Amino acid sequence: TMSNELRQQAIRLLARREHTRVELARKLAGLGTREEIDAVLAELESSHMQSDSRTAEAWLRGNAARLGASSLRHNLKSRGLAPELIEEQIAQADLPDEMERARAIWSRKFGVPPGNAKDWARQARFLQSRGFASDIVRRLLKEPDAGADQ
């Protein structure tokens with residue numbers, strides 16, 4: 001039956017990696033009616049084969065160390081997760097603080113303080129592209145070693 005094929009396809013997708021409900025719905029679109037897809041997703045959710053919070057947790061585990069808070073939030077939101085679930089998961093993830101993460105990423109990539117305005121701009125752009133707030137970027141590039149040994 002159609003819903004059986006939908007279910008099999010959804011399970012194949014979940015076997016590769018955790019997916020949010022929204023991501024699965026997107027990938028199954030066109031393979032069945034809205035109702036059939038919703039029914040399959042509800043079933044997978046109630047049997048705990050699919051879980052938005054587990055998906056968020058897995059994604060954060062894999063990506064939190066290399067991104068700033070705004071990128072983490074933006075990425076989880078684009079996967080169709082509810083804002084309150086995102087905040088809950090970020091709080092539970094027990095991440096090193098934003099400054100520590102920025103410093104770790106910065107030292108792997110650059111390791112030496114900017115020597116001139118051009119370097120400063122390049123380093124700042126890199127950190128901002130990873131989702132770090134401009135005040136974090138400014139503080140870090142002003143004193144890259146401050147706090148590293150505290």
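All of these numbers come straight from a predicted model, not from anything done at the bench. Excluded from the calculations below are hydrogen atoms, water molecules and symmetry mates; all remaining heavy atoms, backbone and side chain alike, are included.
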Quick test of your reading of the model: are Arg122 and Asp119 salt-bridged, counting only N-O distances below 4.0 Å?
yes
dist Leu81:CG -> Glu23:CD (nearest 0.5 Å) comes out at 7.5 Å
### Query
Are the charged groups of Glu18 and Arg61 less than 4.0 angstrom apart, N to O?
no
### Within-4.5 Å side-chain heavy-atom neighbours: Arg138 and Trp120
yes
Q.
Side chains of Glu5 and Leu31, heavy atoms from C-beta outward: is any pair under 4.5 Å?
A. no
Assigning hydrophobic clusters by single linkage (Ile, Leu, Val, Met, Phe, Trp, Tyr; side-chain heavy-atom cutoff under 4.5 Å), is Leu14 placed with Leu41?
yes
Between Ser71 and Ser129, the two heavy atoms sitting closest are OG-O, 4.2 Å
Taken to the nearest 0.5 Å, the spacing of Leu44 CG from Leu13 CG works out to 10.5 Å
So CG of Leu72 and CZ of Arg66: to nearest 0.5 Å the spacing works out to 9.5 Å
Margin query: Between Arg125 and Gln128, do the side chains contain a donor N or O and an acceptor N or O under 3.5 Å apart?
Written below: no
Separation between CG (Asp38) and CG (Leu6), nearest 0.5 Å, reads 10.5 Å
Between Ala102 and Ile136, the two heavy atoms sitting closest are CB-CG2, 3.8 Å
Spell out, yes or no, whether Met99 and Phe126 are grouped together once hydrophobic residues are joined by side-chain heavy atoms under 4.5 Å, including indirect joins. yes
Closest non-hydrogen atoms of Leu60 and Ala93, given as atom of the first, atom of the second and distance, are CD1-CB, 4.2 Å
Interatomic distance, CG@Leu140 vs NZ@Lys142, rounded to 0.5 Å, equals 11.0 Å
In short, Leu67 meets Arg101 closest at the heavy-atom pair O-NH2, 3.1 Å
Within the 4.5 Å heavy-atom criterion, are Gln92 and Gln89 side-chain neighbours or not? yes
For Val40 and Arg7 the tightest heavy-atom approach is CG1-CA, 3.8 Å
With His19 as partner, the option from Lys27, Arg26, Gln50 fulfilling side chain to side chain donor-acceptor pair (under 3.5 Å) is Lys27
For Thr33 and Glu36, the nearest pair of non-hydrogen atoms, with its separation, is N-OE1, 2.7 Å
**Study point:** Backbone N/O of Arg79 and side chain of Thr20: donor-acceptor pair under 3.5 Å
**Key:** yes
Test item: Gln123 side-chain N/O and Val112 main-chain N/O as donor-acceptor pair under 3.5 Å = yes
Please say yes or no: joined through hydrophobic side-chain contacts below 4.5 Å, possibly via intermediate residues, are Val22 and Leu24 part of one cluster? no
Contact between Asn75 and Asn63 at the side-chain level, heavy atoms closer than 4.5 Å - yes or no? no
Ignoring hydrogens and angles, tell me if any N or O in the side chain of Arg17 forms a donor-acceptor pair with the backbone of Trp59 under 3.5 Å. no
Exercise for the section: State whether the side chain of Gln9 and the backbone N or O of Leu28 hold a donor-acceptor pair below 3.5 Å, judged by distance alone. Expected result: no
Phe132 reachable from Leu95 in the ILVMFWY side-chain graph, under 4.5 Å edges: no
d(Ser70 OG, Arg130 CZ) to nearest 0.5 Å is 12.5 Å
